[in-house]
Amino acid sequence: MTLAVPKLRSCADCPIRYNAVCSKCEPDELDQLEEIKYYRTYSAGQTIFFGGDPLEFVGSVVSGVSSLTRTLPDGRVQMVGLLLPGDFMGRPNRDTIDCDVIAETDVMLCCFRRKPFENMIEDTPHVGQRLLEMTLDELDAAREWMLVLGRKTAREKIASLLHMIATRMASLKPGETAAATFTLPITRETMANYLGLTIETVSRQMSALKKEGLIAFDERRDIRVPDLEALKAETGEDVF
């Protein structure tokens, strides 16, 4: 069931205004988007799309986190991605969606009717340019995740996932670049599935990072990263 949506006064009030597909739009272009957009919210655990569903809309995640999963014919399920605030959902010029999209937390989407949005890509360079940038960023992220899954240790995998989420959440709060606080949007079981680890390994590595002061958390899923650079040093990547 789609929930009632709180009204945003204008695009200027949107928390992802400078991260989303509309970030480069001029006021007149935002007016065009306004004519084809609408908001939807989903509660945690709700399926937004099933793989193979008609793609009636595309859009941006305004708040919350969704997962992308694939199911094999024998029933095995693999998470293949996360959609965080600012990320774009769906592919223009495709009639169906190829993944299950599930709300891991309560989610708000800024939706655009697919056909009118496809026309805007042709007619509005700023929208098409930004969508291309986001697609290339997603490609870079997929390549990076191949490294995470294929070559990194369990500790480095956990640190990489936490650093990725923390960095993205911090980017939505200008001025908060050294530290970050966020609610972990997925369970440890889902983390284990995503990273190719056991739940026990995830719990052990999370506890080790906490003991060393690299992260802080309580029995809930609220996590604080006191120093993003210190956490990045645990990912096996260079710190610049």
* Do Ile36 and Met120 have side-chain heavy atoms sitting under 4.5 Å apart? ->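 Side-chain contact under 4.5 Å: yes.
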
* Asked: Does the pair Lys24/Glu133 count as a salt bridge with the N-to-O cut at 4.0 Å?
  ->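 Salt bridge: yes.
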
* Do NZ/NE/NH1/NH2 and the carboxylate oxygens of Arg114 and Glu118 come within less than 4.0 Å? ->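 Result for this pair is yes, salt bridge flagged.
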
* **Over 12 foreign heavy atoms within 6.0 Å of OH, Tyr38** =>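 Buried by this count: over 12 neighbours within 6.0 Å.
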
* Asked: Looking at side-chain heavy atoms only, is the closest gap between Met89 and Val58 below 4.5 Å?
  ->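 No - every pair of side-chain heavy atoms lies 4.5 Å or more apart.
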
* Side chain of Asp106, backbone of Ser43: donor and acceptor closer than 3.5 Å? ->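 It does not hold such a pair.
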
* Asked: Can the ring centroids of Phe88 and Phe117 be said to lie less than 6.0 angstrom from one another?
  ->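 So the answer is yes for these two rings.
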
* To do: State whether the side chain of Ser160 and the backbone N or O of Val148 hold a donor-acceptor pair below 3.5 Å, judged by distance alone.
  =>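 Side chain of Ser160 to backbone of Val148, a donor-acceptor pair under 3.5 Å: no, none is there.
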
* **Side chain to side chain, Asp123 and Gln32, heavy atoms closer than 4.5 Å** =>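 They are not in contact (no side-chain heavy atoms under 4.5 Å apart), so the answer is no.
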
* Can you name the residues that form a salt bridge (charged side-chain N to carboxylate O under 4.0 Å, His left out) with Asp222, not counting sequence neighbours? ->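 In terms of salt bridge (charged side-chain N to carboxylate O under 4.0 Å, His left out), with neighbours along the sequence ignored, Asp222 is linked to Arg220.
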
* Ion pair present between Lys232 and Glu229, side-chain N to carboxylate O less than 4.0 angstrom? ->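 No salt bridge links Lys232 with Glu229.
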
* Test item: side-chain donor near acceptor, Ser23 and Arg130, under 3.5 Å ->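 Indeed, the side chains of Ser23 and Arg130 share at least one donor-acceptor pair under 3.5 Å.
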
* To do: Using atom types as modelled and distance alone, determine if a side-chain donor or acceptor of Arg224 lies under 3.5 Å from a backbone N or O of Phe182.
  =>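 No; judged by distance alone, with no hydrogens or angles, the pair does not exist.
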
* Asked: Hey, does Val202 have a side-chain heavy atom less than 4.5 Å from the side chain of Thr198?
  ->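 Side chain of Thr198 against side chain of Val202, heavy atoms only: no contact under 4.5 Å found.
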
* Asked: Between Arg91 and Asp98, does at least one N-O distance fall below 4.0 Å, as a salt bridge requires?
  ->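 Not counted as a salt bridge, because no side-chain N and carboxylate O are separated by less than 4.0 Å.
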
* Asked: Has the side chain of Arg168 got a donor or acceptor atom that lies under 3.5 Å from a matching backbone atom of Pro85?
  ->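 Yes, the answer is positive, given that a donor and an acceptor are paired below the 3.5 Å cut-off.
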
* To do: Using modelled atom types only, decide if a donor and an acceptor are shared between the side chain of Lys157 and the backbone of Leu195 within a distance under 3.5 Å.
  =>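 Yes: the side chain of Lys157 pairs with the backbone of Leu195.
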
* From Leu131 atom CG to Thr124 atom OG1, the distance as rounded to the nearest 0.5 Å ->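 With rounding to 0.5 Å, CG (Leu131) is 12.0 Å from OG1 (Thr124).
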
* Measure the OG1-CD1 distance between Thr235 and Ile158 for me, rounded to the nearest 0.5 Å. =>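 Between atom OG1 of Thr235 and atom CD1 of Ile158 there are 13.0 Å.
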
* To do: Keeping the roles fixed (side chain from Thr201, backbone from Leu197), state whether a donor-acceptor pair exists under 3.5 Å.
  =>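 No: the side chain of Thr201 does not pair with the backbone of Leu197.
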
* Asked: Got a sec, which residues hit salt bridge (charged side-chain N to carboxylate O under 4.0 Å, His left out) with Glu144, two or more places apart in sequence or on another chain?
  ->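 By the salt bridge (charged side-chain N to carboxylate O under 4.0 Å, His left out) rule, Glu144 matches Lys152.
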
* **Validation row: Val107, Leu83 side chains within 4.5 angstrom (heavy atoms)** =>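 No, too far: nothing below the 4.5 Å cut-off.
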
* When you check the gap from the basic side-chain N to the acidic O, do Arg155 and Glu234 get nearer than 4.0 Å? ->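 Looking at Glu234 together with Arg155, the answer is yes, because their closest N to O distance falls below 4.0 Å.
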
* Asked: Do other residues, nucleotides or ligands put more than 12 heavy atoms under 6.0 Å from Arg221 CZ?
  ->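 Result for CZ/Arg221: enclosed.
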
* **Distance flag, aromatic centroids of Phe49 and Phe57, threshold under 6.0 Å** =>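 Yes, the ring centres sit under 6.0 Å apart.
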
* Asked: Do the side-chain N and O atoms of Glu104 and Ser67 include a donor-acceptor pair separated by under 3.5 angstrom?
  ->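 A donor-acceptor contact under 3.5 Å links the two side chains.
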
* Are side-chain heavy atoms of Leu30 and Cys22 found at a separation under 4.5 Å? ->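 Answer yes - side chains close enough.
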
